[in-house]
Amino acid sequence: MKSHGKRTASWLIAAGLGLAAGAAWSADSLQDVLKARGLSQQDLLAAAKTYVPTGKRDEFVAFSSGGQSGQVIVYAIPSMRILKYIGVFTPEPWQGYGFDESSKKVLAGGKIDGKDITWGDTHHPAVSETNGEYDGQFLFINDKANPRLAVIDLRDFETKQIVVNPIFKSEHGGAFVTSNTEYIIEAAQYASPLENKKFFPLEEFNEKYRGGVTYWKFDRKEGRIDVAKSFSLELPPYSQDLSDAGKGPSDGWSFTNSFCTERYVGGIEKGRPPYEAGCSAKDTDYLHVINWKKAAELVAAGKAKKINGHNVLMMETAIKEGILFLVPEPKSPHGVDVTPDGKFLTVAGKLDTHVSVYSFEKIQAAIKAGKFESKDPYGIPVISMKDALHTQVSLGLGPLHTQYDSKQCVAYTSLYVDSQVAKWNYCEGKVLDKISVHYNIGHLMTMEGDSTKPAGKYLVALNKLAIDRFVPVGPLHPQNHQLIDISGDKMQLLYDMPVPLGEPHYVVAIDAKKLKPAVRYKVGTDSRTDKPHPGAVRAGEEKVVKKGNKVEVFATLIRSHITPETIDVDIGDEVTINLTNLERAQDETHGFTVSTYNVHASVEPGKTVQVKFKADKEGVYPYYCTEFCSALHLEMQGYLLVKPKGWKPTKTTLAKGNYTEADYKATVKKVADTQAIIDSVVAYITSVNYKDFPDVVAMVEDAFDQLGKTKGLKEKHEGFAAKKDWENANLWAEQIWQYQVKTADLGLRAKTYLEQNGAKKVK
Ligand code: K7E
Ligand code: CUA
């Protein structure tokens with residue numbers, strides 16, 4: 001439930017009772033609570049470090065992969081309170097995502113071979129960067145199973161675009177952005193033929209199967225990926241895995257590691273040793289080192305080949321032009337993570353206890369000197385490991401991913417097998433501290449920890465198993481994200497957070513102050529295109545247009561009515577309903593659905609949304625607002641009447657209510673009383689500098705807008721009263737009160753805001 005019109009009075013009373021409520025719960029002493037709940041001093045300290053008091057906000061906002069849910073989970077740090085799920089690859093009913101026309105178009109961008117794919121295996125979210133720092137404008141996330149990438153605009157936290165990788169069949173190493181978000185990197189996982197729907201037997205794996213890396217061009221001004229300007233690099237059929245973009249001195253380069261460079265093909269059912277044995281036979285795999293800046297120039301110069309209509313720079317060209325190199329890395333590596341200064345790359349061994357720190361400078365020196373130890377079977381020059389290594393550090397079993405601290409040279413690496421986080425120094429190559437987590441950690445994440453300016457403070461361990469940490473909810477357990485304090489020398493475990501929506505592989509967290517989300521749209525905006533919606537109308541312009549069997553409704557929503565309140569159609573009509581939310585007040589979202597027609601819209605202030613369906617069954621279908629938007633929310637309703645063929649009306653007047661003169665008088669008195677409250681609120685607001693508060697200005701505008709609608713209604717009800725038509729007299733007076741309640745509600749909200757934000761008296 002949101003604000004109630006009727007809270008007018010109760011709200012005032014509650015404000016008066018505030019102190020008493022505060023006093024009541026301090027009867028317990030802190031010691032009593034510790035004892036009663038069996039808490040230690042340590043627990044209390046952890047609680048104090050994570051607790052965000054009511055009304056206060058968190059310091060960081062985390063964007064977590066929603067794993068198989070195909071969504072993004074937004075939560076806050078340090079409280080670990082969940083703020084939102086963003087529908088990305090999967091329909092999300094609350095936001096109307098996949099139930100209104102514009103969002104259906106976004107999801108349709110993710111169709112593959114003409115088919116809807118309504119789930120995703122999301123892995124790696126990435127925030128857009130400017131000069132290697134998080135800028136809080138966009139978020140990208142990949143789908144591993146169905147190679148796709150999505151763009152989310154952080155002004156409204158909505159998915160705006162989904163693109164399908166034109167040459168891959170799976171994709172794991174994405175999304176990673178370059179320092180100024182010129183490109184979003186996405187690397188293939190399981191090698192396959194690059195041409196669409198082309199069959200080659202596994203016997204031709206080495207010749208016909210290929211991996212690769214795609215560089216999606218991001219057009220920041222449009223806020224969309226520019227598909228035509230994107231390109232890929234053809235790579236050997238090694239399972240290209242996680243990637244990272246260079247920064248600072250390594251800007252312009254990107255790094256992608258791989259596994260199964262054995263190019264092993266399993267077949268356990270045919271008596272062959274399985275993939276897991278064959279893919280980890282060698283001691284090393286390859287780190288791919290790619291000059292993407294030069295690759296982009298080569299593509300622009302026409303040196304790419306078109307595969308499935310997409311520009312692909314072939315290996316042969318990349319080798320000839322000197323933009324592609326390999327460096328051996330300890331077997332089956334997992335993450336490759338560039339240090340904040342851009343000088344080193346950390347590669348975790350997964351099946352090796354070491355993390356290997358490569359020096360970008362040394363790699364460049366070897367390239368410049370033409371010093372290679374060999375070539376791989378495809379002719380790609382291989383730089384020797386010792387010529388590229390800065391140092392190797394033995395951290396423990398199963399190192400996977402690395403993130404960085406705000407403190408110089410300090411890194412954190414997850415240890416999957418040991419279920420630990422290791423804190424270590426990558427400049428000097430020594431271990432500093434270790435902490436156990438619960439259980440089997442995959443990724444870990446520090447605040448802005450993969451940018452050029454990590455913010456330190458907290459680390460989140462993304463554990464694969466939760467086992468016994470939470471109240472059991474069946475054999476499928478929630479995931480466990482553990483918050484760790486990294487501000488001191490020793491790491492400190494603070495909090496367990498169950499994540500109940502898919503297996504999130506990776507999370508990124510940004511300083512909350514960098515996010516500047518909007519509170520409302522410009523009236524009539526299609527949020528998925530950021531453009532004016534052709535179906536938008538203003539108050540008073542609502543209409544129903546019928547052309548043949550097509551009925552188009554141009555409707556508005558404002559507390560607490562939908563205009564129009566009846567929609568008449570004939571069976572078989574194609575019905576399109578455009579809904580514009582006229583509200584300017586913060587958080588005054590209306591929802592919309594028509595019974596049993598599987599449509600739903602979330603219409604935030606200013607937004608215009610379109611829903612469409614075929615009225616293919618006769619009958620009466622209520623439509624209503626699905627968000628509790630005001631005291632009269634339940635009355636925010638209407639009827640879709642689907643008439644059978646050849647139906648003719650027999651009775652033309654509606655059923656009447658039973659209203660008396662006394663009812664009318666009571667309503668008129670209620671109107672006068674409410675007006676007095678409004679007057680007092682207006683007197684307060686105009687007595688202070690409310691114009692200095694843009695949020696309040698919007699609320700005041702909205703309030704007067706509501707009050708403005710009462711114009712002419714007084715004459716109307718008095719006219720009916722003179723004719724002793726108590727029904728119409730009473731209802732029109734009642735309608736004045738409806739507008740007044742909303743005005744008062746907004747006014748009181750504005751008043752509270754002003755009082756809490758230090759408004760000053762003006763003369
Ligand atoms: Cu390590 Cu997909 Cu990033 Cu899972 S990946 S852990
Ligand atoms: Cu609008 Cu409920």
Side-chain angles (χ1 to χ4, degrees), residues 1-5 64-68 120-126 141-145 147 170-176 185-190 239-244 256-257 259 332-337 347-350 398-403 413-417 419 437 440-445 450 460-465 479 481 502-508 555-563 565 579-583 585 587-593 600-605 607 609 623-638 738 742 745:
M1 264 187 335
K2 293 199 182 138
S3 64
H4 280 235
S64 172
S65 144
Q68 299 87 335
D121 186 15
T122 62
H123 276 242
H124 307 108
I141 191 157
N142 71 321
D143 171 6
K144 172 174 169 168
S170 63
E171 172 272 303
H172 187 222
F176 299 94
I185 301 171
E186 191 186 32
Q189 180 98 94
Y190 307 116
S239 295
Q240 278 81 29
D241 200 39
L242 292 166
S243 307
D244 204 0
T256 296
N257 49 33
F259 60 89
S332 299
H334 200 44
V336 49
D337 300 282
V347 172
K350 197 163 84 181
L400 292 188
H401 296 284
T402 299
Q403 289 255 295
T413 298
S414 50
L415 304 174
Y416 178 82
V417 179
S419 292
V437 295
N440 296 86
I441 178 172
H443 274 269
L444 48 65
M445 182 268 297
D450 57 8
V460 176
L462 283 68
N463 307 322
K464 301 297 185 192
L465 307 177
Q479 311 286 316
H481 284 195
E503 189 216 313
H505 284 258
Y506 186 40
V507 180
V508 285
T556 61
L557 307 167
I558 194 158
R559 276 159 292 169
S560 310
H561 49 263
I562 302 166
T563 310
E565 297 194 329
L579 302 140
T580 300
N581 182 345
L582 299 175
E583 310 273 357
D587 205 10
E588 269 307 329
T589 295
H590 300 288
F592 180 82
T593 188
H600 185 239
S602 171
V603 201
E604 294 96 73
K607 209 189 221 185
V609 182
Y623 53 83
Y624 68 95
C625 168
T626 58
E627 284 270 334
F628 207 112
C629 53
S630 69
L632 277 305
H633 150 77
L634 294 177
E635 291 79 349
M636 198 163 171
Q637 59 162 18
Q738 293 303 336
K742 292 160 216 160
D745 176 46

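Atoms within a ligand are numbered from 1 in the order they appear, just like the ligands themselves.
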Taking side chain as C-beta onward, heavy atoms only, is [X] less than 4.5 Å from [Y]?
X: Asn257; Y: Leu242; value: yes
X: Asp450; Y: Tyr506; value: yes
X: Gln637; Y: Glu565; value: no

One residue to check: Leu400. Relative to ligand 1, which of side chain, backbone, both or neither has a non-hydrogen atom less than 4.0 Å away?
neither

What do the steps show when you test His590 against Cys629 for side-chain contact (heavy atoms from CB on, under 4.5 Å), and what is the final call?
CA-CA 6 Å; His590 300 288; Cys629 53; 3.4 Å; yes

I need the atoms of ligand 1 closer than 4.0 Å to a non-hydrogen atom of Leu242, numbered in the order shown.
3 (Cu)

Per-atom contacts, ligand 1 versus His443 - under 4.0 Å to a heavy atom
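The list of qualifying atoms is 1 (Cu), 3 (Cu), 5 (S), 6 (S).
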
Tell me which N, O or S atom of Glu627 sits nearest to atom 2 (Cu) of ligand 2.
O

Residue His633 atom name (nearest to atom 2 (Cu) of ligand 2; N/O/S):
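This residue's closest N, O or S atom turns out to be ND1.
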
Exercise: do Thr413 and Thr402 side chains pair donor with acceptor under 3.5 Å:
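Looking only at side-chain atoms, Thr402 and Thr413 do form a donor-acceptor pair, the distance falling under 3.5 Å.
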
Asn142-His123 side chain donor-acceptor pair, cut-off 3.5 Å:
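No pair is found: no donor N or O on one side chain lies under 3.5 Å from an acceptor on the other.
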
List the closest protein heavy-atom neighbour of [atom]: residue, atom name, distance to the nearest 0.1 Å.
atom: atom 6 (S) of ligand 1; result: Lys464 NZ, 3.2 Å
atom: atom 4 (Cu) of ligand 1; result: His505 ND1, 2.0 Å
atom: atom 1 (Cu) of ligand 1; result: His334 NE2, 2.0 Å

Donor-acceptor under 3.5 Å (Glu503 side chain, Gln68 main chain):
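Not at all, since once roles are kept as given, no pair shorter than 3.5 Å links the two residues.
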
Is the distance from atom 2 (Cu) of ligand 1 to some N, O or S atom of His123 under 2.8 Å?
yes

Tell me, please, if His124 has any N/O/S atom, main chain or side chain, under 2.8 Å from atom 2 (Cu) of ligand 1?
no

Looking only at N, O or S atoms, which one in His172 sits nearest to atom 2 (Cu) of ligand 1?
NE2

Check each of His505, Lys144, Glu186, His443 against His124 using the side chain to side chain donor-acceptor pair (under 3.5 Å) test, and report the only one that passes.
His443

Just wondering, is there an N, O or S atom on Cys629 that's nearer than 2.8 Å to atom 2 (Cu) of ligand 2?
yes

